[in-house]
Each structure stands twice: as structure tokens, then as C-alpha cells.
Amino acid sequence: MKNLEIAKILDNIADILELQGIEFKPRAYRNAARGVENLAEDIKELYEKGKLEEIPGVGKHIAEKISEYIKTGRLKYYNQLKKKIKVNLEELNLIPGMGPKKIKFLYEKLKIKNIKDLEKAIKKKKLQKLKGFGESTEQDFLRGIQFVKSRPKRFLYAHLEPIVKEITKQFSKYPFVKKIEIAGSFRRGKETIGDLDFLVVSNEPGKVMKLFTALPDIKRVLAKGTTKSSVRLTNGLQIDLRVVKEKEWGSALLYFIGNKQHNIAVRKLALSKGYKLSEYGLFKGKKWVAGRNEQDIFKKLKLQYIEPELRQNSGEIEAALQNKIPPLVTVQNINGVFHNHTKWSDGSNTLLEMAQAAEAMKLKFISFNDHFGDITIANPLDEKRLVSYLKEIEKVRKKVKIRVFSGVEIDILKNGSLGLSVKKLKQLDVVVAAVHMATKMSEKEMTERVCRAMENYPINILGHPTNRLINTRPPYQINLEKVFQVAKKNNVFLEINAAPETQDLSGEHVRAALKVGCKFSLGTDAHDTQNLQFYNLGVNMARRGWATKKDILNCWSLPRIEKALKK
DNA sequence: GCCGTTTTCGGCCCGACTGTTTTCAGTCG
């Protein structure tokens, strides 16, 4: 898919136009970039159908440019723009506090083209002599350069969850903190988080600011205002906190949860209905009409309530206008978890310990799927050990009150076959099949490999369908559209793998698969008892993909699950 | 360059914070 590639080019064009001081056009290109980015389908298909102008933000001229790029692999307009500018925009833009105006000014005055030039100029104290710049600007940029060079990757949701809970708990203790909630991408349940955004209601914002800027592990206070401050922790994490009045809570939450594109779209909708929306409330002229809670604002705008996970301006507003937002699956809907490992392969707890942990978590079932096959690094089961494994599971069943499913996570081999016969696979409750090795195939080969397995073996669940590892390993090349269709046809549940660094399928993929009519299974892929708790991450992905409890196997009743697993 | 329940022309989300100023431009979210 060229979607992201094209979105990036449109963004770059916007950057260059902005640098040239052109107004509004950059915004048009950015809107188009967001439209392309949010597409659920391959842009090439739209191009072939002549439907590029149906993309939000794409009109006649941008459609022509996209066509040219798809057709020829090049874009004249973009190349000409790039020739005109001499600076490394992308690089300089990364520095906090550096924007198009300053980049242009610094190039005109000091011929600064990139970070290296900037560093040199600062060392020679050249910047502070310029109008509008000073010594502290120099220091800010220097720190910014350091930050860019040692830039932390985006944080995993699971790694920030304890910090979010701790800060919320600590702040709630103080009587001057009436309310505190997390907003931003964390609240939207994204798999990775850039920074944390907290929202607080208090009559004494000064005290809150003081408390906030005195958090432990702060490396630097980035901004300290009367109602809004930012800090950076020693681990590189930025945290923003804003204090609002009780009356503004709803409008502020809406604003702070975002995302930005969603906010802009809602504000535009408000405008079209004669209102003005900001973090301070919904206004008719100068009159405040709503803002105490989010529901009031949605009601005034004649919108169905939109769950935070859906807020990214990818159709949720249109759906809410027609009351078509489905009831999203919740953590409480999850009755049990699939795809768990034990000491029998590469896990670190016994079958019994894992089952007891699941029972203690009030789950109604657990499914054991230790590795089977050639993945030697994971100490896989073979046919002989599988017999003992199943006997052991039988013993565990007598010691816990929850349903214990037997099964394996079996490798999908290079040619699309599995290392166990159809007959033996049918004796297992739950067969998870997944690709683990020989992952560097072409898209066509990989797609055929996975589809062939689903067509020829009694597979219940296709494990981690793209095999990505966030921040570490890209997904393998595979035509998911095709995989979804074959999965649907063969009644294979698609896994939403909930392991913190996996979270595969992603929300976007879940949504695409739902459109095909697929069903899902939430797998914890736990390798110890601690990891069992992370099924909420899978729920995040499911919710971001618009899934309801009807779409997720884990939410069904046990008799219905057993029936669905029959091969 | 895009878009339309007042518009095919004339708008384009909105406000806080910072640094360098003395009233504001630039950046950020």
C-alpha cells in the first residue's frame, strides 16, 4: 500500500509551502494527507476506479498529483518544490520550538541548513545577536538538538499504565484536586504513546502546578504556566497537565483527548450549527451553553456519544450523526483468554499456576497453546511430549473451577503446511496457527502460505496475523485483505494478540477485517502469570477497530465458544 | 487547494505559553 508514502509526500509539500510563507494551501495539503492516511483501503484501488476525489480533503488538483505519482512513481510539482528549498526541513522541524518561520529566517540570516549548521552557529553565539532571538532561545535549541539525537521511541501503552495509575492515585489524595483523568493518546487506547496528558479540576491551580512540577524523576520543567505545565522525566517521557474549572471539564476532556483531527472536525461541525467550541465550552455567541461534561456537548451537537478510542476523524463523526456507533466491547465483556504459554514450551510458569492465576482474575476460562513445531528457540512440543502435555492439562482441570482448553500454537511452515496431521489437530480444543520463521518472503508468497494453511487444516485461530513487534520488528509482507477473506470463508478467528509489544491485529486492521465480516479471538500470548493481566490491551485494539462483544469469541458463553471451536 | 443546510467566493479551529518584547509573533497541541 502506498497510502502512507503518499500522505508523507503531501505533508512534505505542506512543510515546504509553509516555509515559503504561503497561507492556507499548506493546510489543504495536510488535510489531504490526513484523508489519505485514514483510508481503510489501498489508494491504488481508488485511483483505478477514478475515485480519488472522494477522499476527504482531496480535490481536483491534489487528485491529479496523486494520480501522477501512482502512475509514474514521481511527482514533478514536489520535485520542483524540493529544488527551490536548500534546507533540511524534516530534520530542523524535529527541534521543539523550531518552525517554518524560524527556519526560513535562520537560513536567510545565517545560511543554516541543518542541525549541524545550527549547532555551529549556537556555539559561536551567532543566534542571540538576531532580532527576536536571545540567549535562552539558543539554550533551548541546544537542548532540543540533544533531545532529537537521543530521541526516545514512542512508549508502549503497557509501560505507561503504572505511571498513569500512580499519578492519578497520588493527586487524588489532595483535597484541592477535585478530579483528575488521563486524556490524550493514552485515553484513546493507542498501542504507543508519545506523551501523557492529564486533566485536573481544581479551584487552586497554583497548588496543582507546584505539586506537578515537583514530581519525582523530573529531568526538566519544559513549561510552567498558571493552568498548564509540561515536564520531562529522566526516562524521556513528557507529561502535560492542565487545570480547568468544573464547568469546563467536559469541553476540556474533549479537547485534551483529541485527537487533533477529531477536534478540528467537531469544531467545524459546531461552527456549522452556529456554535463555537473550545476547551472552555460550547458557546452560542458569547453565551456558554454546554461543557460540564462531554455528553452535554455531544447532545447539543446532535451527535451520539463517541468513545475516545474512535476519535481520530475516520468516520466516527459521520456515524455519530446517524446514531450508528456500535456498542464497543469492554474489558468486563471478556470471559477468558486464549493463547497462553507455560514451562512446557517457553513460558515461565506451570500449567497449574497459570490456570490458578486466571481463576484468581475471575476469568471463566483459559486456553493453553504452547509452541509446537520447529521453533527450537521456544522449546516446542513434539508429538510425543504433546501426549504428556494433554495428560497434564487433564490433571489441572480437576484442580481449578474454570474451563481449561487444550491446544497448541503451531508453526505455519514455509509451504503452508502444519507439522501435525488433521486428525491429531482435531483432538485439540483450540488450534492457534501462526508464522514464526522464514518471514522474509514476498507478499504474494506469504499470503499464499497463510491462506493455504487456513484452507487445508482445522485452524481455529490465526495467531498474530502480521507478526509485528512494536519499535523492533516491522510486520511481514502480507495481503491482509485476502487473508481476511479466506479466514472468513474457513471460519478462522483472527487473533487480536494482546502482548504489550505485539498488539496485532491493530485497531485499523480489526476495522478492515470487520468490514469483511471476520470474527476475532483475544489472545494474551502470556508467558507468565503477570502477563495474563494485559488482555485489556487487546480490548483497546478491538475497541479502536469498532468491535462489539458479538465480534469477539472471548465474550461468548462457554457452550457457544465450544460449539464455535468444533472442527 | 478545498469546500458548501446562509456561500461556487471567501472563508479556512482555537487558545496557552514562551521569549523577547513593551503588544506580539511563533510554536505547540
Side-chain angles (χ1 to χ4, degrees), chain A residues 10 13-36 52-66 77 81 92-106 127-141 143-144 183-185 188 194-199 205 209 221-230 238-244 248 251-252 254-283 291 302 313 321:
Chain A
L10 295 173
I13 291 175
D15 284 340
I16 298 173
L17 295 173
E18 217 163 41
L19 187 77
Q20 297 177 336
I22 295 168
E23 277 187 294
F24 301 116
K25 229 197 250 196
R27 190 173 322 188
Y29 275 92
R30 270 191 224 293
N31 286 341
R34 296 294 77 75
V36 171
L52 286 175
E53 283 186 54
E54 284 179 18
I55 302 170
V58 175
K60 185 164 168 268
H61 293 98
I62 293 184
E64 279 170 7
K65 292 184 173 81
I66 295 175
Y77 175 68
L81 280 179
L92 289 170
N93 257 334
L94 288 174
I95 301 169
M98 187 71 90
K101 299 281 162 54
K102 283 182 189 164
I103 292 176
K104 184 168 186 235
F105 186 74
L106 287 175
L127 259 68
Q128 50 178 283
K129 298 187 183 84
L130 299 174
K131 190 170 189 274
F133 289 76
E135 214 183 320
S136 68
T137 309
E138 280 189 341
Q139 290 313 306
D140 274 356
F141 282 157
R143 263 191 294 264
S185 54
R188 298 198 307 276
D195 52 30
L196 292 179
D197 304 295
F198 281 97
L199 197 60
M209 288 297 135
V221 176
L222 300 168
K224 193 174 179 184
T226 50
T227 61
K228 185 179 165 182
S229 297
S230 300
Q238 181 177 332
I239 309 180
D240 300 339
L241 182 141
R242 183 135 170 197
V243 179
V244 299
E248 302 158 353
S251 44
L254 199 60
Y255 164 70
F256 239 46
I257 289 175
N259 74 5
K260 193 174 172 179
Q261 298 309 315
H262 174 87
N263 284 347
I264 291 173
V266 176
R267 284 175 176 190
K268 278 185 182 167
L269 179 74
L271 274 179
S272 77
K273 291 182 186 284
Y275 296 105
K276 189 193 73 169
L277 178 62
S278 76
E279 58 263 52
Y280 297 108
L282 185 68
F283 298 87
K302 299 206 164 33
N313 194 27
L321 280 168

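We name chains A, B, ... by the order of the sequence lines, and we start the count at 1 in each one. Excluded from the calculations below are hydrogen atoms, water molecules and symmetry mates; all remaining heavy atoms, backbone and side chain alike, are included.
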Checklist line | Upstream residue (5' side of DNA chain B) when A/Asn31 and A/Asn93 are each assigned their closest nucleotide | finding: A/Asn31

Checklist line | Where at least one partner belongs to residues 265-275 of chain A, residue pairs that pass salt bridge (charged side-chain N to carboxylate O under 4.0 Å, His left out), sequence neighbours excluded | finding: A/Arg267-A/Glu279

Check: Is the backbone N or O of A/Gly97 less than 3.5 Å from a side-chain atom of A/Lys102, with the two atoms forming a donor-acceptor pair by type?
Finding: yes

Next item on the list: Choose from B/dC12, B/dG19, B/dC17 the nucleotide whose nearest atom is closest to any side-chain atom of A/Lys268.
Entry: B/dC12

Check: Between A/Asp140 (CG) and B/dC28 (C1'), how many Å, whole number?
Finding: 13 Å

Check: Of the nucleotides B/dT27, B/dC2, B/dT20, which has the atom closest to the A/Lys101 side chain?
Finding: B/dT27

Margin query: How long is the straight-line distance from CE of A/Met98 back to CD1 of A/Ile103, given to the nearest 0.5 Å?
Written below: 6.0 Å

Next item on the list: Determine the contact category for A/Val58: base if any of its heavy atoms lies under 4.0 Å from a base atom, sugar-phosphate if only primed atoms, P, OP1 or OP2 are that close, otherwise nothing.
Entry: sugar-phosphate

Check: Between B/dT7 and B/dC2, how far is it from one P atom to the other, in whole Å?
Finding: 22 Å

Notebook entry, point to check: How would you label the contact of A/Asn263 with the nucleic acid (heavy atoms, under 4.0 Å): base, sugar-phosphate, or nothing?
Noted result: nothing

Notebook entry, point to check: If we take the P atom in both B/dT21 and B/dA25, what is their distance in whole Å?
Noted result: 14 Å

Check: For A/Thr227 and B/dC17, is the shortest distance between a side-chain N/O and OP1 or OP2 below 4.0 Å?
Finding: yes

Check: A/Tyr29 OH to B/dC3 P: how many Å, rounded?
Finding: 13 Å

Margin query: Salt bridge or not between A/Asp15 and A/Arg30? Use side-chain N to carboxylate O under 4.0 Å.
Written below: yes

Notebook entry, point to check: When the distance from CD of A/Glu23 to C1' of B/dG26 is rounded to whole Å, what number comes out?
Noted result: 14 Å

Margin query: Using whole Å, what does the distance between atom P of nucleotide B/dG15 and atom CZ of A/Phe283 come to?
Written below: 8 Å

Item checked: Whole-Å P distance, B/dT23 and B/dC28 -> 25 Å

Next item on the list: Check the distance between B/dC3's P and A/Arg30's CZ and give it to me in whole angstrom.
Entry: 17 Å

Next item on the list: For A/Lys273, report the nucleic acid contact type (base, sugar-phosphate, nothing); a contact means any heavy atom under 4.0 Å.
Entry: nothing

Notebook entry, point to check: Does A/Asn313 offer a backbone N or O that forms a donor-acceptor pair with the side chain of A/Gln261 under 3.5 Å?
Noted result: no

Margin query: Counting only side-chain nitrogens and oxygens, does A/Lys65 get under 4.0 Å of the OP1 or OP2 atom of B/dG1?
Written below: yes

Next item on the list: Look at the side-chain N and O atoms of A/Ser136 and state whether any lies under 4.0 Å from the OP1 or OP2 oxygen of B/dT18.
Entry: no

Check: When you match A/Glu135 and A/Leu277 each to their closest nucleotide on DNA chain B, which lands nearer the 5' end?
Finding: A/Leu277

Notebook entry, point to check: So what does A/Leu130 hit on the nucleic acid, given a heavy-atom distance under 4.0 Å: a base, only sugar-phosphate, or nothing?
Noted result: nothing

Note to self: Please name the nucleotide paired to B/dT18 by Watson-Crick or G-U wobble geometry with both distances under 3.5 Å, or report none.
What the structure shows: B/dA25

Next item on the list: In whole angstrom, give me the gap between the C1' atoms of B/dG10 and B/dG15.
Entry: 24 Å

Note to self: Whether A/Lys102 contacts B/dA25 is assessed here as follows: a side-chain N or O lying under 4.0 Å from the phosphate OP1 or OP2. Is that the case?
What the structure shows: no

Item checked: Plane angle bin for A/Phe133 and A/Phe141 - parallel if under 30°, tilted between 30 and 60°, otherwise perpendicular -> tilted

Note to self: What contact category does A/Ser229 fall into here, base, sugar-phosphate, or nothing, at under 4.0 angstrom with non-hydrogen atoms?
What the structure shows: nothing

Next item on the list: Please work out if A/Pro100 contacts a base, only the sugar-phosphate, or nothing of the nucleic acid, heavy-atom cut-off 4.0 Å.
Entry: sugar-phosphate

Next item on the list: Just compare B/dG29, B/dT18, B/dA16 and give me whichever is closest to any side-chain atom of A/Ala223.
Entry: B/dT18

Next item on the list: In whole angstrom, give me the gap between the C1' atoms of B/dT22 and B/dT18.
Entry: 16 Å

Next item on the list: Taking atom P in both B/dG26 and B/dT20, compute the distance separating them and give it to the nearest angstrom.
Entry: 15 Å

Check: Per the atom types in the model, does the base of B/dG29 pair as donor or acceptor with the side chain of A/Tyr255 at under 3.5 Å?
Finding: yes

Notebook entry, point to check: With no hydrogens and no angle check, is any side-chain donor or acceptor of A/Asn263 less than 3.5 Å from a backbone partner on A/Tyr255?
Noted result: yes

Notebook entry, point to check: With a 4.0 Å cut-off on heavy atoms, is A/Thr226 in touch with a base, just the backbone sugar-phosphate, or nothing at all?
Noted result: sugar-phosphate

Next item on the list: Among B/dC2, B/dA16, B/dC14, find the nucleotide with the atom closest to the side chain of A/Tyr280.
Entry: B/dA16

Next item on the list: Output, in order, the C-alpha distance, side-chain angles, deciding distance and verdict of side chain to side chain contact (heavy atoms under 4.5 Å, CB included) for A/Ile257 and A/Asp197.
Entry: CA-CA 8 Å; A/Ile257 289 175; A/Asp197 304 295; over 6 Å; no

Next item on the list: Check the distance between B/dC3's P and A/Arg34's CZ and give it to me in whole angstrom.
Entry: 15 Å

Item checked: Span that lies between the P atom of B/dT8 and that of B/dG4, in whole angstrom -> 13 Å

Item checked: Near-parallel close stack of A/Phe24 and B/dC12 base (under 5.5 Å, under 30°) -> yes

Item checked: Rounded distance (Å) that lies between atom C1' of B/dT27 and atom CG of A/Asp240 -> 14 Å

Next item on the list: Rounded to the nearest angstrom, tell me the gap between atom CD1 in A/Ile55 and atom P in B/dC3.
Entry: 11 Å

